[in-house]
Q: 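Structure incoming, see below.
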Amino acid sequence: MLQVVHSFQVWLPLTMTWAYNQVRYAPGIAATVLADELQGRAAFPWEPVLVLSPADRLVAAAGHRLGRPQPPRSLLRALRRGSPDIVHSHFGYRGWQDLPLASRLGARHVVTFYGHDVQKFPRTWPVWRRRYERLFAAADLFLCEGPHMAATLVGEGAPAERVRVQRLGVELDRLSYTPRVAPDDGQVKILIAGAFREKKGIPDALEAVARVRAAGIDVCVTVIGDAITDDEHLERRRIVATIDRCGLGDVVRLLGFQPYDRLLAEAATHHICLSPSRHAADLDSEGGAPVVLMELAATGMPIVSTRHCDIPEVVDDGVTGLLADEGDVEGIAARLGELAAEPGRWAVMGLAASRRVEERFDVRVCAQGLVDRYRELLGAPPCDETLAGGAEKEATRGAEPGLR
């Protein structure tokens with residue numbers, strides 16, 4: 001059985017279910033989680049989890065500031081007992097931090113990039129460009145969730161021969177398919193879901209809603225998400241200001257962060273997902289595509305989004321949803337108005353969206369792919385396990401109306 005150390009700064013923020021799924025769904029792996037800090041333990045149970053002591057965190061932070069990260073001796077002793085084959089660092093900056101850890105353990109080093117770590121870090125802070133140069137020279141494999149992010153990472157200096165696409169998967173068993181149909185009262189319900197970050201384009205979404213409403217289409221909006229950091233609170237103020245300026249106070253609900261089950265319950269009562277992601281001024285981006293788009297698409301919800309990063313891998317324009325250029329409020333409004341005015345297209349698009357997620361983003365298939373990446377790196381043959389039930393699910397998806 002392969003021994004893998006999954007390394008995070010924090011295990012694990014509540015918005016990072018996709019990271020938890022990479023650890024728990026990978027077959028044939030004995031996984032140890034390493035983190036500087038511990039959060040969300042009840043939501044993301046795992047054993048073993050090694051968390052740095054406060055004293056070790058201080059020593060590590062000093063090493064980072066000096067550009068010489070060193071793993072604590074106590075941590076090395078604990079990890080060596082398991083003879084890890086692979087250190088898998090999550091986020092590029094964590095990969096740089098883990099360079100001496102992987103070296104001291106004699107393990108192969110895998111680094112997954114997720115978005116803001118691709119361009120924001122090396123282009124905002126010159127020290128990180130130098131650190132990434134070291135990372136790109138030393139680590140064995142770099143993973144990205146889609147081809148756009150992979151190409152972007154190569155453009156930042158990563159060696160193309162060591163960059164691979166590794167999709168993030170979603171739990172299809174938890175995602176009930178519901179065909180969207182024209183509402184009896186004529187009101188189109190739009191769902192926006194995401195943390196209040198500039199890259200989510202929520203002010204663009206709200207301005208687009210205002211234009212659609214001004215064109216005479218009856219719409220209402222539910223926003224699930226909120227702010228934690230100072231930057232996010234600034235974005236929250238922009239969102240509230242947009243609601244006030246556009247006169248949307250009577251049709252917008254701000255629900256804040258909600259548990260996953262509440263998100264799915266709200267999704268089942270809404271008709272269209274609106275998610276116009278964009279590059280932020282500080283170069284933050286989705287990198288790939290928001291996982292929530294895959295989850296909502298799996299439920300049969302058509303999506304209006306943007307040609308941003310790897311979103312077109314999820315939203316096939318005109319087939320599973322509609323796309324506009326990022327930052328183009330007029331274009332976003334036109335696509336939203338087009339879909340809102342044609343409810344006869346919702347079920348067809350929703351079924352196509354659901355099938356695309358099954359074909360590309362089944363968490364078990366993606367996790368098996370990750371294991372195969374590990375085995376390839378170690379010179380071992382791919383696993384010959386087959387994932388039963390995939391063909392049966394594909395044949396039955398959408399066969400019955402309503403929830404299943």
Side-chain angles (χ1 to χ4, degrees), residues 17-18 21 167-194 205 217 219-224 255 258-277 289-306 310-323 335-366 389-404:
T17 302
W18 44 267
N21 288 343
R167 292 183 173 124
L168 301 178
V170 297
E171 298 172 282
L172 295 176
D173 294 344
R174 298 183 67 181
L175 299 168
S176 297
Y177 172 80
T178 308
R180 270 53 176 192
V181 297
D184 293 336
D185 62 2
Q187 186 173 65
V188 179
K189 295 183 178 179
I190 298 166
L191 180 63
I192 299 170
I217 299 176
V219 295
C220 66
V221 180
T222 298
V223 181
I224 295 180
L255 297 189
Q258 293 295 330
Y260 188 65
D261 289 344
R262 174 70 184 278
L263 168 66
L264 297 182
E266 290 289 339
T269 67
H270 286 68
H271 305 111
I272 297 171
C273 168
L274 179 57
S275 181
S277 297
V291 173
V292 70
L293 294 190
M294 306 166 204
E295 294 168 330
L296 296 180
T299 73
M301 180 178 284
I303 296 167
V304 175
S305 190
T306 48
D310 283 304
I311 287 175
E313 291 289 296
V314 180
V315 184
D316 188 355
D317 190 22
V319 178
T320 69
L322 298 176
L323 296 175
R335 302 321 301 269
L336 178 62
E338 175 186 341
L339 192 56
E342 299 182 44
R345 302 173 68 185
W346 299 350
V348 175
M349 279 190 169
L351 179 56
S354 176
R355 286 179 170 166
R356 171 166 284 225
V357 173
E358 286 192 357
E359 292 165 0
R360 295 190 176 189
F361 302 106
D362 183 328
V363 67
R364 289 177 173 81
V365 175
C366 293
E392 179 183 351
K393 284 194 293 183
E394 173 60 22
T396 59
R397 191 71 160 180
E400 297 292 334
L403 295 174
R404 67 168 181 80

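The chain is numbered in sequence order, starting from 1.
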Q: Going by the rule salt bridge (charged side-chain N to carboxylate O under 4.0 Å, His left out), which residues pair with R356 if we only count those two or more places apart in sequence or in a different chain?
A: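 Expected list: D316.
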
Q: Taking all atoms of both residues into account, what is the closest heavy-atom pair of L168 and F361, and its distance?
A: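 It is O-CD2, 3.5 Å.
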
Q: Sequence neighbours excluded, which residues qualify as side-chain contact (heavy atoms from CB on, under 4.5 Å) partners of Q258?
A: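 Testing Q258 for side-chain contact (heavy atoms from CB on, under 4.5 Å), a comparison that skips the adjacent residues, returns I224, L255, R262.
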
Q: What pair of heavy atoms forms the shortest contact from G300 to P302, and how long is it?
A: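 Result for this residue pair: O-CD, 3.5 Å.
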
Q: Would you compute the distance between atom CD of Q187 and atom SG of C220 and round it to the nearest 0.5 angstrom?
A: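 It comes to 3.5 Å.
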
Q: Using the salt bridge (Lys or Arg N to Asp or Glu O under 4.0 Å) rule, collect all pairs that involve residues 174-183, keeping only residues at least two apart or in two chains.
A: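 Passing the test, one end in residues 174-183: E171-R174, R174-D261.
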
Q: For T222, check side chain to side chain donor-acceptor pair (under 3.5 Å) against everything at least two apart and list the hits.
A: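 Once residues adjacent in sequence are excluded, the partners of T222 under the side chain to side chain donor-acceptor pair (under 3.5 Å) criterion are R253, H270.
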
Q: Looking at I272 and M301, what are the two nearest heavy atoms and their distance?
A: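 Closest heavy-atom pair between I272 and M301: C-SD, 3.8 Å.
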
Q: Going by side-chain contact (heavy atoms from CB on, under 4.5 Å), name the residues that satisfy it together with L264, two or more places apart in sequence or in a different chain.
A: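 L264: side-chain contact (heavy atoms from CB on, under 4.5 Å) contacts with L175, Y260.
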
Q: Compare all side-chain heavy atoms of E295 with those of L172 and state whether any distance is below 4.5 angstrom.
A: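 The answer is no, as the side chains (C-beta and beyond) never meet within the 4.5 Å cut-off.
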
Q: Taking all non-hydrogen atoms of both residues into account, name the closest pair between N21 and G169 and its distance.
A: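 Heavy atoms of N21 and G169 come nearest at ND2-O, 4.2 Å.
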
Q: Are any of the side-chain heavy atoms of S275 and V315 separated by less than 4.5 Å?
A: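 Counting from C-beta outward, S275 and V315 never come under 4.5 Å.
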
Q: Name the atoms and distances for all side-chain donor-acceptor pairs under 3.5 Å in residues 335-351, with sequence neighbours left out.
A:
residue	atom	partner	partner atom	Å
R335	NE	E338	OE1	3.2
R335	NH1	D317	OD1	3.4
R335	NH1	L323	O	2.9
E338	OE2	R345	NH1	2.9
W346	NE1	L339	O	2.8

Q: For L293 and C273, run side chain to side chain contact (heavy atoms under 4.5 Å, CB included): C-alpha distance rounded to whole Å, both residues' side-chain angles, the deciding distance at 0.1 Å, then the answer.
A: CA-CA 8 Å; L293 294 190; C273 168; 3.8 Å; yes

Q: Backbone N or O of S277 within a donor-acceptor pair of the T306 side chain at under 3.5 Å?
A: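 Answer holds: yes.
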
Q: Could I get the full list of side chain to side chain donor-acceptor pair (under 3.5 Å) partners for D185, not counting sequence neighbours?
A: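 For D185 there are no side chain to side chain donor-acceptor pair (under 3.5 Å) partners, ignoring immediate neighbours.
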
Q: Report the distance from atom SG of C366 to atom CE of M294, rounding to the nearest 0.5 Å.
A: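 So the gap between those two atoms works out to 8.0 Å.
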
Q: Between D310 and R167, is the closest basic N to carboxylate O distance under 4.0 Å?
A: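 Answer for the salt bridge query: no.
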
Q: Less than 4.5 Å apart, any side-chain heavy atom of V292 and any of L263?
A: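 In contact.
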
Q: Using the test side-chain contact (heavy atoms from CB on, under 4.5 Å), find all partners of A205 that sit at least two apart in sequence or belong to another chain.
A: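 Residues passing side-chain contact (heavy atoms from CB on, under 4.5 Å) with A205: I192, L274, P276.
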
Q: Counting C-beta onward and ignoring hydrogens, is there a side-chain heavy-atom pair between T299 and T178 closer than 4.5 Å?
A: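 T299 vs T178: side chains apart.
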
Q: Can you name the side chain to side chain donor-acceptor pair (under 3.5 Å) partners of T320, sequence neighbours left out?
A: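 With sequence neighbours excluded, T320 shows a side chain to side chain donor-acceptor pair (under 3.5 Å) to no residue whatsoever.
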
